[in-house]
2 protein chains.
Amino acid sequence: MKEVDYKQLLEQKGLKKTKVRMTLIRHFVHLDHAQSYSDLQAALVKELDKSTLYRNLTSFEQAGIIHRINDHSGVAKYAFGESPIEGDDHAHFVCECCETVYCMETPAPGEFNVPEGFKTNKVQTIIRGICADC
Amino acid sequence: MKEVDYKQLLEQKGLKKTKVRMTLIRHFVHLDHAQSYSDLQAALVKELDKSTLYRNLTSFEQAGIIHRINDHSGVAKYAFGESPIEGDDHAHFVCECCETVYCMETPAPGEFNVPEGFKTNKVQTIIRGICADC
DNA sequence: TTGTAAATGCAACTCGGTTGCATTTATATT
DNA sequence: AATATAAATGCAACCGAGTTGCATTTACAA
């Protein structure tokens with residue numbers, strides 16, 4: 001994806017092309033794993049305001065440019081792209097060694113037998129293990 | 001489970017029988033769904049110190065009296081009993097209407113095909129839907 | 001009964017995340 | 001190119017979950 005495309009991506013989603021947003025997109029695009037707020041702060045050392053960052057993460061998420069991941073670490077992480085399996089949730093892999101979070105193409109399983117009266121809408125899955133780098 | 005048993009449960013786990021702990025156990029036992037810190041604070045109006053509460057939640061968890069649940073709400077919740085499926089993780093059901101979290105006996109599925117070099121250890125599952133009460 | 005380690009309560013703190021508001025900036029309009 | 005306007009930014013102040021250090025109290029064993 002080229003610089004020009006980032007601009008188009010923003011325009012297409014009705015978001016203004018600002019310095020902060022371009023920096024953010026550029027950063028997300030070339031990463032294969034999810035980033036938390038503090039990861040982002042550390043990586044983008046340039047003056048980057050906390051609330052500006054959070055507000056942009058939110059609007060990017062709403063625009064489908066990134067998606068929010070909840071591994072079970074207590075802090076939200078974000079990765080480039082909409083949920084790969086449109087609408088539905090894809091699984092996330094958390095490395096128990098380096099804590100890195102990867103998006104898996106593996107779809108969540110369909111069937112879970114819940115008790116009488118319970119209705120299943122969707123299933124979210126976290127896979128824990130060791131990643132290829134560790 | 002009777003009062004006397006609570007005491008035995010604590011002794012057996014090497015935990016001293018204190019007022020706070022008895023109150024906590026008593027509270028957890030007769031609940032069918034998970035409690036967050038603020039749920040507990042609200043329910044146990046009696047003077048209950050924040051750090052004491054957290055420290056007890058931690059030791060109860062280590063002792064296997066309760067287990068910690070991470071639905072994707074951002075706050076940890078706790079429910080009575082060890083993970084029903086010994087060692088392995090059981091699924092948790094989050095009601096999208098009342099936000100209540102229930103433990104499901106349903107085991108997590110075995111097979112997820114992860115990329116080359118990735119090794120799966122365990123799978124954690126959150127089922128979202130509508131509970132029997134809603 | 002008393003000694004001791006563990007449990008409690010309190011205050012102060014960290015950190016993720018949010019909100020209100022004044023200032024700045026992107027962009028559409030002239 | 002100048003300008004009007006709504007949106008984006010930066011800042012400070014705030015909230016709530018969870019943690020830590022420390023002095024005091026309590027359970028329990030000797």
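Because the structure is a prediction, the values reported are computed rather than measured. Convention: sequence-line order gives letters A, B, ...; per-chain numbering from 1.
Distance B:Arg21 CZ to C:dT8 C1': 10 Å, rounded to the nearest Å. Taking atom NZ of residue B:Lys77 and atom C1' of nucleotide D:dG18, one finds them 16 Å apart after rounding to whole Å. The distance from atom CG of B:Asp71 to atom C1' of D:dA17 is 14 Å, rounded to the nearest whole Å. Remark: C1' of C:dT25 and CG of A:Asp49 are 15 Å apart, rounded to the nearest angstrom. Nucleotide D:dA8 holds its C1' atom 15 Å from the CE atom of A:Met22, rounded to whole Å. Here the P atom of nucleotide C:dA6 and the CG atom of B:Asn56 are 15 Å apart, to the nearest Å. A:Leu53 places its CG atom 14 Å from the P atom of D:dC11, with the value rounded to the nearest Å. In this structure, A:Lys17 atom NZ and D:dA6 atom C1' are separated by 19 Å, rounded to whole Å.
A donor-acceptor distance shorter than 3.5 angstrom exists from the side chain of B:Ser59 to the backbone of B:Arg55, with no hydrogens or angles considered. A donor-acceptor pair under 3.5 Å is absent between the side-chain atoms of A:Lys119 and the main chain of B:Ile130, judged by distance alone. Between the side chain of B:Lys77 and the main chain of B:Gln35, no donor-acceptor pair closer than 3.5 Å is present.
Distances shown here put a side-chain N or O of B:Tyr54 below 4.0 Å from the OP1 or OP2 atom of D:dG18. For D:dG16, the OP1/OP2 oxygens have no side-chain nitrogen or oxygen of B:Ser38 closer than 4.0 Å.
Of the listed nucleotides (C:dC10, D:dC11, C:dA5), C:dA5 has the atom at the smallest distance from the side chain of B:Lys16. Among the nucleotides D:dA17, D:dA27, C:dG17, the one closest to the side chain of B:Thr18 is D:dA27.
For C:dG9, the base has a donor-acceptor partner in the side chain of B:Arg55 [N/O atoms by modelled type, under 3.5 angstrom]. With hydrogens and angles ignored, a donor-acceptor pair closer than 3.5 Å exists between the side chain of B:Ser51 and the base of C:dC10. Side-chain to base pairing of B:Lys50 with C:dG9: no donor and acceptor N or O lie closer than 3.5 Å to each other.
Side-chain contact of B:Glu61 with B:His67: a donor-acceptor pair under 3.5 Å is absent, judged by distance alone.
The residue A:Thr52 sits close to a base: some heavy atom pair falls under 4.0 Å.
Between A:Tyr37 and A:Tyr54, the two ring planes are parallel [angle under 30°; tilted spans 30° to 60°].
Comparing A:Val20 and B:Thr58 along DNA chain D, the residue whose closest nucleotide (by nearest heavy atom) sits nearer the 5' end is A:Val20.
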